[in-house]
Each structure stands twice: as structure tokens, then as C-alpha cells.
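Notes follow the structure.
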Amino acid sequence: MAAALRIGVIGGSIAGCAAAVAGSRAGADVTVYERSGAELQDRGFGIVIPPPLHAELVGSGYLDAAMPTAPVGTRVWLTREPGGRSARELARQHSPVTPCNWGLLWRSLRASAGAVRYLRGQPVASVRLGDSGRAVVTSARGEKPYDLVVGADGHASATRQLLAPGLRPEPAPYVVWRGAIPLGAPAGHPRELELLRGAWVTLGFPGGHGIFYLIPGGPQDGDGSAGAGNRLLAYAIYSRPPEGADPGPYVRELAAAHFPAAWADIVARSGRRATACHPVADVQAPRVARPPLLLAGDAAGVTRPHTATGAVKALQDALCLERVLREGPDLTAALERYADERTAAGARLVELGRRMGRALVEEVPDWPAMGQDEVDVWFRGVLDGTWHYLYEGPGEAPEPAAATTSAGPEATVAR
Ligand SMILES: Cc1cc2nc3c(=O)[nH]c(=O)nc-3n(C[C@H](O)[C@H](O)[C@H](O)COP(=O)(O)OP(=O)(O)OC[C@H]3O[C@@H](n4cnc5c(N)ncnc54)[C@H](O)[C@@H]3O)c2cc1C
């Protein structure tokens with residue numbers, strides 16, 4: 001019997017755990033190296049994924065069906081009433097999404113990758129090409145050869161540099177403030193909370209926009225239960241940072257100046273600990289695999305977060321990896337198929353993220369002048385023919401689905 005393929009995964013976050021599940025389901029012997037010694041599950045931010053992807057991941061054993069989610073089916077566009085402090089609804093769109101809690105998503109993937117070797121607090125110092133086409137990973141545990149090394153080491157990936165030396169992320173001229181707050185904080189705003197129970201909200205303002213939605217709370221949040229009542233209010237607000245001042249607290253000033261009063265108060269109540277300010281940048285590796293190396297998740301490419309696809313892409317990368325490994329014993333051919341499919345998908349999203357960033361932050365429309373038809377037409381122009389799960393109008397055809405995994409988890413890839 002041929003020996004199992006040996007896979008080393010650098011990074012044990014969303015992309016790394018998903019790739020580990022993919023490899024072990026395809027019969028490989030997988031080791032994950034994670035730099036952080038802390039529990040990654042404590043990152044409590046919101047991650048939105050398409051409902052069909054969620055169903056596929058549950059059906060194929062990547063995610064536990066019991067992982068809490070907070071699905072909604074509608075997107076509501078709001079802005080502040082000109083000259084007033086109340087909100088005005090501009091448009092509603094059919095937009096089914098499955099909001100998740102980042103930490104719960106990671107925990108579920110990590111549990112599904114239970115059988116793999118997961119080395120916490122183990123930074124990889126280097127990767128080099130060794131004998132007979134293998135890659136050699138160096139860490140505090142010494143040197144280990146692998147048939148395939150998956151770089152899942154995030155946006156600042158060192159593995160990406162091996163495939164694309166000198167490639168650097170391109171910064172956008174704005175930042176994002178991201179928060180997740182217990183529902184007790186905005187309890188004084190029952191109308192806004194009621195709206196969020198059935199929809200996710202985009203709030204347009206001069207110079208940017210904010211996204212608001214509910215996500216499941218983790219064991220450390222709210223009542224600590226995994227029940228439908230334990231929710232956090234997650235938001236992401238995009239705008240240029242202030243000149244020469246700390247951008248962190250500026251989000252509250254921004255909200256007070258431009259948001260309807262209730263939404264400004266929600267942001268004001270989130271407190272500094274619940275909010276993080278990130279630069280926005282994007283990058284795409286020109287080819288995401290070259291044997292014996294493969295990139296997954298943010299290591300392969302980062303898109304501006306408007307597309308809500310960083311984790312989605314990492315999960316799709318894993319499904320693709322499992323499928324190509326199962327399709328045949330030739331690893332080189334498998335990685336070529338992965339590279340063809342996933343490079344093109346990543347490049348499409350980077351372009352879409354830039355168009356969205358221009359339209360939603362850099363050159364925003366005159367929000368109060370828009371109504372349902374204007375929002376629909378304007379956003380169709382931004383999409384420019386690219387299918388995207390957040391804007392799936394009734395009757396619109398989804399992106400052609402990649403072939404799904406066919407064989408059972410016992411199929412084995414030999415080296
Ligand atoms: C505001 C905002 C909103 C977003 N919303 C969404 C959304 O709604 N939907 C969505 O799909 N995505 C969203 N994303 C994107 C998503 O959060 C990321 O794309 C995703 O978390 C990336 O996962 P990753 O595993 O590729 O990278 P990371 O989570 O960055 O993980 C990389 C891991 O590699 C480890 N590592 C690095 N170097 C080494 C080394 N040398 N040795 C060992 N380990 C190493 C790190 O410790 C880390 O754990 C959003 C992002 C932002 C900023």
C-alpha cells in the first residue's frame with residue numbers, strides 16, 4: 001500500500017484548519033503549525049458566509065450542524081434623513097446570508113480537524129525546497145519534509161513570498177472599524193434591533209458606509225448559551241481616518257456627526273474594547289500553487305472586506321483542495337487544477353472589492369437622493385456582471401458551482 005501524502009500546513013486559523021480537514025478527508029497525514037499559543041476562538045467578530053456554502057460544509061463534515069448561526073434574508077439600505085437625526089430607508093434587497101461568529105466558526109473547523117496534528121505555539125521559521133521535490137519546514141521542532149506545504153499564514157504570508165517574491169499588499173485610502181457588542185448595550189433601541197432580527201443593514205453617510213448585523217454570541221458573551229437568543233451586534237464601518245489623530249476613538253465622532261441618532265448611539269455604546277480599527281488593503285498571488293507549495297485563505301489573496309469573502313474563499317479553497325486531491329494520485333496535476341481555479345476566483349474578488357470600495361467609500365453617491373430603483377441600478381453597475389452572493393436578486397443565476405466532492409472520507413491520496 002502506498003504511504004499517505006504528507007501535508008504540512010503553516011497557520012492554524014480559518015484557512016489552516018479548513019485545509020487540514022480537506023487533507024485528512026482526502027486521506028493525507030496532516031500537521032498544522034500555528035504560531036499563536038493562545039486560543040484563536042476568542043476572536044469574536046462577525047463573518048458572513050453564503051447559506052449554500054454553510055449547507056455544503058455541514059453536509060460534508062467541515063462544520064458541525066450545531067454551530068450557531070444567525071441567518072437573515074434581506075439587506076436594508078439606510079441613510080440619515082437630510083437635516084434631521086432619524087433614519088431613512090432607501091432600499092431593500094433579497095440577500096440571504098448566514099452570519100457566523102468568527103470564534104465559533106474556528107472552533108467548529110478545529111474540532112473537525114481533530115485527528116490532525118495541531119501544534120500550537122509553533123512558528124515556522126522557514127520553508128525550503130528539499131530533495132525529490134519535497135518542501136522542508138523548519139520550526140523549533142527541527143526540520144520536517146512534506147510532499148505538500150499549505151501556506152495558510154494570513155495576509156502577511158511569508159509563504160506567499162516564496163511563490164511571488166516582492167509582492168506587497170496595496171493599501172486602500174481608508175480604514176475599517178469592526179465591533180461586536182452584547183445586545184444589552186443597544187437595548188434602548190428596540191426598533192433598530194427588531195430590524196436587525198430580519199435583515200442586515202447598510203448605512204450610507206458622506207465619505208463611507210457602515211454594515212450592521214447580528215451574529216451568534218460565544219460562551220463568553222451574553223447569557224453564555226448556544227441558543228438563538230444569545231446574539232451580538234456586529235458592525236464594520238468604512239471611512240478615511242482622521243489626519244494626525246488616533247483613528248481608534250474617531251469612529252464615535254464620525255457616527256455622531258453623520259449617523260441617525262439611534263445608530264450613532266449604538267456605536268457610542270460599543271466601548272473601546274469591543275472595537276478594532278484595521279487598515280484596508282488587497283493583494284493576490286499571481287498563481288496560488290506551485291508544487292510542493294500551495295496558498296490558501298488570506299495567504300493566497302486578500303480582498304477588501306466589502307465582498308465579505310475572506311473566510312468564504314478560505315473555505316472554498318479547502319473544498320477545492322479536497323476535490324483535486326481525490327481526483328487522482330498525481331499531486332502536480334492536482335495542484336495545477338487548484339491553481340487554475342482558485343487564482344482566477346481570488347483575482348475576480350480583488351477587482352470586485354476595489355469597485356465596491358470606490359463606490360461605497362471613495363466616491364459615495366448622494367445617498368439621500370437614492371431610492372429603490374437608484375440603489376438597484378447603481379449597485380448593478382458596481383457589480384459590472386460579476387455574480388456575488390450578497391446581491392443575488394430573484395431570478396439571478398448563481399456562480400457556476402465547482403464540482404463537489406464525490407468520494408467518501410476514506411479515499412486515499414498516495415504519494
Ligand atoms: C472588517 C472585516 C470584515 C470581514 N468580514 C468577512 C465576512 O463577512 N466574510 C468573510 O468570509 N470574510 C470576512 N473577512 C475576512 C476574514 O476575516 C479573513 O479573510 C479570514 O479570517 C482569514 O483567515 P486566514 O486563516 O486566511 O488568515 P488568519 O486568520 O490571519 O490566520 C493566519 C494564521 O497563520 C498564523 N501564522 C502566521 N505566520 C505563521 C508562521 N510563520 N508559523 C505558524 N503560524 C503562522 C497566524 O498566527 C494566524 O493564526 C473580514 C475581514 C475584515 C477585516
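Just so you know, ligand 1 is whichever comes first in the structure, and atom 1 is the first atom listed for that ligand.
Close approach to Ala308 involves these atoms of ligand 1, each under 4.0 Å from a residue heavy atom: 7 (C), 8 (O), 9 (N), 10 (C), 11 (O). Atoms of ligand 1 found under 4.0 Å from any heavy atom of Ala152 (numbered from 1 in listed order, with element): 32 (C), 33 (C), 34 (O).
Checked by distance only, ligand 1 and Tyr238 stay at 3.5 Å or farther apart across all their nitrogen or oxygen atoms. The shortest N or O to N or O distance between Asp298 and ligand 1 is under 3.5 Å. Checking only distances, Ala311 does come within under 3.5 Å of ligand 1, N or O to N or O. Residue Gly310 places at least one N or O, backbone or side chain, under 3.5 Å from an N or O of ligand 1. Among the atoms of His278, none of the N or O lies under 3.5 angstrom from an N or O of ligand 1. Distances between N or O atoms of Val48 and those of ligand 1 include at least one value under 3.5 Å.
Applying the side-chain hydrogen bond (donor to acceptor under 3.5 Å, both in side chains) test to residues at least two apart or on different chains, the pairs with a partner in residues 148-159 are Asp153-Ser157, Asp153-Thr159.
For the atom pair OG (Ser36) and CD (Gln122), the distance works out to 12.0 Å, reported to the nearest 0.5 Å.
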What side-chain donor-acceptor pairs closer than 3.5 Å can you find for residues 168-175, not counting sequence neighbours?
residue, atom, partner, partner atom, Å
Tyr174, OH, Arg304, NH1, 3.0
Tyr174, OH, His306, NE2, 2.7

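Ligand 1 lies within reach of Pro123, whose nearest heavy atom is under 4.0 Å from it. A heavy-atom separation below 4.0 Å is found between Ile10 and ligand 1.
Contact annotation: for Gln122 versus ligand 1, heavy atoms closer than 4.0 Å belong to the backbone alone. Residue Asp153 touches ligand 1 through backbone and side chain together, judged by heavy-atom distances below 4.0 Å. Contacts between Phe45 and ligand 1, counted as non-hydrogen atom pairs separated by less than 4.0 Å, are absent for every part of the residue. Contact annotation: for Pro305 versus ligand 1, heavy atoms closer than 4.0 Å belong to the side chain alone.
A salt bridge links Glu89 with Arg92: the closest approach of a Lys/Arg side-chain nitrogen to an acidic carboxylate oxygen falls below 4.0 angstrom.
Neither side chain, Arg75 nor Ser95, offers a donor N or O lying under 3.5 Å from an acceptor on the other.
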